[in-house]
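Single-structure report; data block below.
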Number of protein chains: 2
Amino acid sequence: MRTAIATVSLSGSLTEKLTAAARAGFDGVEIFENDLLASPLSPEEIRARCADLGLTIDLYQPMRDIEAVPADEFERNLRRARHKFELMRRLGADTVLVCSSVHPLAEDDDALAAAQLHGLADLAQDFGIRVAYEALAWGRHVSTYDHAWRIVEAADHPALGTCLDSFHILARGSDPKGIEDIPGEKIFFLQLADAPLMAMDVLQWSRHYRCFPGQGGFDLAGLVRHVRAAGYQGPLSLEVFNDVFRQAEAGPTAVDAHRSLLMLQEAAGLAALPEPVVPTGVAFTELVTPDAEPVAALLGALGFARTARHRSKPVDLWRQGEARVLVNTGPAARRDGTQLAAIGLESPDPAGAARRAEALLAPVLPRRRAPQDVALDAVAAPDGTELFFCATDRPELPSWTDDFRPVPHAEPARHLQRVDHLALTQPWHQFDEAALFHRTVLGLPARESVDVADPYGLFRSRPVSNADGSVRIALSVGPAPTDDAARAQHIALTTDDVVAAARAFRAAGGRLLAVPANYHDDLAARFEFADGELETYRELGILYDRDADGVFRHCYTETVGRVFFEIVQRDGGYRGYGAQNAPVRLAAQHGRRPVG
Amino acid sequence: MRTAIATVSLSGSLTEKLTAAARAGFDGVEIFENDLLASPLSPEEIRARCADLGLTIDLYQPMRDIEAVPADEFERNLRRARHKFELMRRLGADTVLVCSSVHPLAEDDDALAAAQLHGLADLAQDFGIRVAYEALAWGRHVSTYDHAWRIVEAADHPALGTCLDSFHILARGSDPKGIEDIPGEKIFFLQLADAPLMAMDVLQWSRHYRCFPGQGGFDLAGLVRHVRAAGYQGPLSLEVFNDVFRQAEAGPTAVDAHRSLLMLQEAAGLAALPEPVVPTGVAFTELVTPDAEPVAALLGALGFARTARHRSKPVDLWRQGEARVLVNTGPAARRDGTQLAAIGLESPDPAGAARRAEALLAPVLPRRRAPQDVALDAVAAPDGTELFFCATDRPELPSWTDDFRPVPHAEPARHLQRVDHLALTQPWHQFDEAALFHRTVLGLPARESVDVADPYGLFRSRPVSNADGSVRIALSVGPAPTDDAARAQHIALTTDDVVAAARAFRAAGGRLLAVPANYHDDLAARFEFADGELETYRELGILYDRDADGVFRHCYTETVGRVFFEIVQRDGGYRGYGAQNAPVRLAAQHGRRPVG
């Protein structure tokens, strides 16, 4: 189906918005009146700009409080409408949105509403314009889609139809099945927005918290199926009022938006995309660093051994058990210290995974490699992390490890087995996008967000993972955009004996994050421990959590650049991440400066 | 009355919070458990730090879900309580808060709740601790203060009393009059928080949107009067969960908090402060600039004349009608360009105004002056703007103008009469504080906030003014902390003929902000104009608004540094600020770079 987006969903000047929408692949736009009023371009120039960009102007909404009003008020409305229809003719827009009246003088009189809408449609018809009447969830007398449709039906004018808006329908809990009773050709337009399920005033909810399909709690695929079953042929158009999107860069927001519509069409059975290929493990993580020394010291103390070196790039492979860390000191190393730049995801079908990612608008990364290097499929996640779809030592596929030549090395230790999870702090404006990206592009469903108190603001954290937990990523977002620069990343590694692993790390010269004694005193109040057990945790700075399924023990290394490591031991079926302990960890980290 | 604040209301480490609370003048603190757990200080060290700072520890709240639970659960609770009472003994805290249970197994059984609270109080008594039981608004079975009190009364234990929390009482719409039926000595504690009136889930409302008294919509003075009438002798203690305060600097937040309690005591008739002295006009505005040329050119084109110069500082006085602008090129001029650094408020009693400001914790500015200069009373507003309380040419008081010596000058024009309003963008974390400051310290009540769409995010704007509108300040806040650096300020000047004033400005070489033609096309749709009127507005870039009371016409100069001017003509009783036009103005300004 054709796709469109309302300019109010993006930030910037009108031309910035149009450019972003076109680049992201939208077919059309709804122009929000304030964007036009504030633009130095004339309507004709806007029309030409859209044409150059390959965008149609699918909707304009310059009027409110049109119908069911006193006669003199309606006369003024018609006068205003005539001006606006002139403008739309210059703009080349042929559908006007009219929302149900919230005018204090509006009467609860469907016949009057129908008669006045008929009058408006008469005028519109003279300009070749269609009027799409929509029920606002907080309309004074008309607040449901079926009520709006009854008025349109009664008015019975060829230039009058209805506009459906998923937010207004689903926020009120209306059953969208009744949409199938509306003739498809009388559904002039479909506006889509999702929203997190919130118990709050519906107008505030609508104006500030809408989000793109798949980022909230509404069943938009179900709604779209009903609209298609009714015979609707128009575009799927996003109208999303969101305080965060208003501030974010228009380009990435438009891509996020268009991806959400691709996903929605797949979910509603309207489009086929390459099948998801769910990763089955973490093949490697790659740290880029301007100075390998502090990272090497940390990996060495953790028991990793430098086992191989890339044959054409300054990249070392460190290994312990199934955990592999690449340390890259090449030109990719940015100035702001050590960071986690790439993740290798073990994939049953690397090429298929990349095809799906590309179809869902993930930026495909250029393959910078020497002629003999293995071709790797890689895309960028919303936070810029490079994701490689890999095969590791599987005979039927080329292995990324073929690019590495063994170097003489001591045996790695056996304390740590594999990556338990990766924790990545996201840019402030892209948290919802990140969750949708990981779910739809990578096939990693998201769990619920949790709030975590940092000494300087609230963090939100949301884990995504595959079914068996062999790929787990904890996405989090800091309290405000200013913290973007200090975004922390960490790599959690599994052990079957956290005490032994911690002791070995210390014995090798590693420094664990110091945990306050008050924390362990509190553990004594909350849980019962075997003799000496708590004293060991206290000595080593091991944190503890327990739920109905099992026990979680973990400790943290010092931070190098933006990166630190966590050693975790899961016993029983514990599936969490120790979120309860995160405030203590964050406070302890604020008390220390990173090294390296 | 004694004052206290919960550490959760402030940002930072525990010791940063304690220091900020003590500096702001609080007598005590409630220590939030997570702050203690995350602190490297032992309980004894925290106790000593508080003693050094002159703070008592008035409350600790380490326990949840204590009462009305199955017997084995209660046994575990008592075990945990014993640990926590030990800790409180080390800490020197003698009151523990127990909130009504939200445990899924809690029973709706007041007798059981009373019996278990009695058991807890028995244990507490052994440690010299009092238990204060509070109804959470979302408590599973106990959610109102009178219900909590009935259980306390039934338990009948000397170490058990109730804690009242204004949020939980007023958010549910309970009538606080019934508080007077509780014996004062059984009210062990009083927690205060205000909140904006919002229709949303009460738990989310409580955890994220609480604010300091006077910044929300609750009648806290009325509640405090009832609590005092009951005979309560304990502290007034702020417990405010707020996402913004969590990020803001602790020092200013603590001052804002303590000011709110001073105001609350005045409003409740519990404390006398120096009387408010409402300013009666704007005596001057002062621009500091590293280069006077662009400002001088702008003032000259506006029709101001440079009439005098300060006798000991590099400050020029520019004048037209009753509007006076000081241009200061002295050492106060900061590097980041021209800005509005000070406002002279015409005051009936400058010394009295300063006394009130000082009593309400406004930083009193040092009087940097030469021996012969007039002594001026000045304080800093939350955004750093210097506020001078002035007398202008009143025989009974020294006039600030006595410091200025006339210089030869041409007559100023007569287009502009006086300052209509000043518009100051506030730091992101201090918007609510600014409104409370202007209301309480300066006696300028605030009107409702309005949202204004900027191309890159939503602004909130909130005007404060005196009764006759001779002092009007529009406070606004940008969409995110990152915009703090670009905070715009403007000075609006009144004219009785905006067209003549705009033409004269242009003729003198001034440049007005260009307004898009689309805006004026829209005016034609919305209003009817006399022949040629709209064309004049279009030519000059004049914006227009009309309401039931009158008409508002205004236009904008280019921006110099952070400052621009507005020329406004008010006709009839129009009292607004043309907020409807602000998005157009903001978009036009984004399209231009400031000069100077």
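Scope of the values below: all heavy atoms of this structure, side chains included, with no hydrogens, waters or symmetry mates. Per chain, numbering begins at 1; letters A, B, ... match sequence-line order. Keep in mind that what you see is a predicted model, and the values were worked out from it rather than measured.
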*Is the shortest heavy-atom distance from the side chain of Met198(B) to the side chain of Gln204(A) under 4.5 Å?*
no
*Between Pro62(B) and chain A, which part of the residue has a heavy atom less than 4.5 Å away: side chain, backbone, both or neither?*
neither
*Looking at CG of Asn34(B) and OH of Tyr519(A), how far apart are the two atoms once the value is rounded to the nearest 0.5 Å?*
11.0 Å
*Pro583(A), Ala524(A), Ala250(A): which one forms the most heavy-atom pairs within less than 4.5 Å of chain B?*
Ala524(A)
*Set of residues satisfying salt bridge (Lys or Arg N to Asp or Glu O under 4.0 Å) with respect to Arg526(A), sequence neighbours excluded*: Asp522(A)
*Pick one of side chain, backbone, both or neither for Leu586(B), based on which atoms fall under 4.5 Å of a heavy atom in chain A.*
neither
_Could you tell me if the side chain of His208(A) sits less than 4.5 Å from the side chain of Leu458(B), heavy atoms only?_
yes
*Give a yes or no on whether Arg49(B) atom CZ has more than 12 heavy-atom contacts from other residues, nucleotides or ligands under 6.0 Å away.*
no
*Does Arg546(A) CZ have over 12 foreign heavy atoms under 6.0 Å away?*
yes
_Among Leu36(A), Leu41(A), Val584(A), Leu10(A), which residue has the highest count of heavy-atom pairs closer than 4.5 Å to chain B?_
Leu36(A)
*Among Ala517(B), Gly12(B), Ser11(B), which residue forms the greatest number of heavy-atom pairs with chain A at distances under 4.5 Å?*
Gly12(B)
*Can you find a heavy atom in the side chain of Leu37(A) that is under 4.5 Å from one in the side chain of Pro516(B)?*
no
*Under 4.5 Å, heavy atom to heavy atom, which residues of residues 448-455 of chain A contact chain B?*
Asp451(A), Ala453(A), Pro455(A)
*Rounded to the nearest 0.5 Å, what's the gap from CZ on Arg79(B) to CZ on Phe527(A)? Could you check?*
10.0 Å
*Would you call Lys84(A) and Asp521(B) a salt bridge, taking side-chain N to carboxylate O under 4.0 Å as the test?*
no
_Quick check for you: among Ser39(B), Ala81(B), Ser13(B), which has the greatest number of heavy-atom pairs under 4.5 Å with chain A?_
Ser39(B)
*Give, as side chain, backbone, both or neither, the part of Glu249(B) having an atom under 4.5 angstrom from any heavy atom of chain A.*
neither
_Please give me the minimum heavy-atom distance between Asn518(A) and Ser42(B), naming the atom from each residue._
OD1-CA, 4.2 Å
*Heavy-atom pairs under 4.5 Å with chain B, option from Met200(A), Glu16(A), His83(A) with the top count*: His83(A)
